Amino acid sequence: MAKGGRRAERGPGRSARERITERVDRGLAELVPDRDRPGGWTLLIDGAPQSHVDLDDPTRLEFAYQRRLGHIADLAASPGRPLNALHLGGGAFTLARYIAATRPRSTQRVVELDGALIDLVRRALPLERGWRIRVHSADARNALTRVADGWADLVITDVFDGARTPAHLSSTEFAAEVRRTLRPGGQYALNLTDGPPLAHLRGQIATLASVFPELSVVADPAVLRGRRFGNAVLLAADRPLPLAELTRRAAGDPHPGRVEHGRALADFTGGAAAVHDSGARPSPPPPPGTFG
């Protein structure tokens, strides 16, 4: 459909809202209204779900991986304390909205390569006035080099080119640059997707383990067993992680997650080698039919 085209979509027992379909820089973007929540929208790029936003309640995180990132943000500092947060990958700014709502006065930077997508989200799903969120269009790795040493309490990488993580964001060199931007005790969260035989996930665990002394992964148990394609969230830091509370929260989610760390995580990694720029590859494409 041509840029700016819209087609009506009605939910039962409610006034009509429109599905918004626009051609952006990196594909076809769709904002699909949530039939059950008046302020809810799902962002898809080329048919792959990217984000869910509830404009009426930005603390509501619909996707399982977003809930896990939300738990990480909750545990990154004492409740309510403002954070300096860097989001590499914008989508619909879901986690930035969440942190703004749960930690007022936080200072956040969102980096999204697709300038047309930024324009669409700003127009259709506007950020609240007063939120200290700066959004700009840039390559994530290039933008990272311009962040001051020790600025961030939390860095979240959630970057997809279509449904794949770009190769240049999967290396030890990139991870080292992330660590440079973190204050002592700051945390790095990486969302990625993989499926059997989980070679990409194992390689990314080895990569972060070569840069950060503390590491864990949280994912659907079926993903960790190699039974299906899905998301995994890696959490890394230079200090001990809040693993007990993260484990409790992940286990209590509507789609429970499992947290692996320590010896169990090392065994899971199975001797995989860290990835360097010279050998970096994008994450694998999802199998046909993954998104319906």
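Positions are given from 1 along the sequence. Keep in mind that this is a model prediction, so the values were computed, not measured.
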(message) Could you check whether Asp277 pairs with Arg141 (Lys NZ or Arg NE/NH1/NH2 to Asp/Glu carboxylate O, under 4.0 Å)?
(response) yes
(request) Please name all residues satisfying salt bridge (Lys or Arg N to Asp or Glu O under 4.0 Å) with Arg225, sequence neighbours left out, ordered by chain then number. (result) none
(message) For the backbone of Leu144 and the side chain of Arg180, can you confirm whether one donor and one acceptor N or O come within less than 3.5 Å of each other?
(response) yes
(request) Any chance you could measure Glu260, atom CD, to Thr269, atom OG1, to the nearest 0.5 Å? (result) 9.5 Å
(request) Only pairs at least two apart or in different chains count here, so list each side chain to side chain donor-acceptor pair (under 3.5 Å) that has a residue in residues 238-248. (result) Glu245-Arg248, Glu245-Arg249
(message) With a 4.5 Å cut-off on side-chain heavy atoms, are Asp194 and Pro284 touching?
(response) yes
(request) Using the test salt bridge (Lys or Arg N to Asp or Glu O under 4.0 Å), find all partners of Asp114 that sit at least two apart in sequence or belong to another chain. (result) none
(request) Search all heavy atoms of Ala237 against all heavy atoms of Pro213 and return the closest pair with its distance. (result) O-CD, 3.4 Å
(message) Take a 6.0 Å sphere around NE2 of His255 and say whether it holds more than 12 heavy atoms from other residues, nucleotides or ligands.
(response) no
(request) Indicate the atoms forming the closest heavy-atom contact of Ala206 with Ala272, along with that distance. (result) CB-O, 3.3 Å
(message) Please find the pair of heavy atoms, one from Gly70 and one from Leu61, that lie closest to each other, and give the distance.
(response) CA-CD1, 3.7 Å
(message) Other residues, nucleotides and ligands only: do more than 12 of their heavy atoms fall within 6.0 Å of CZ on Arg134?
(response) no
(request) Measure the shortest side-chain to side-chain distance between Thr165 and Gln204 over non-hydrogen atoms and say whether it is less than 4.5 angstrom. (result) no
(request) Please say whether more than 12 non-hydrogen atoms of neighbouring residues, nucleotides or ligands are located less than 6.0 Å from CZ in Arg183. (result) yes
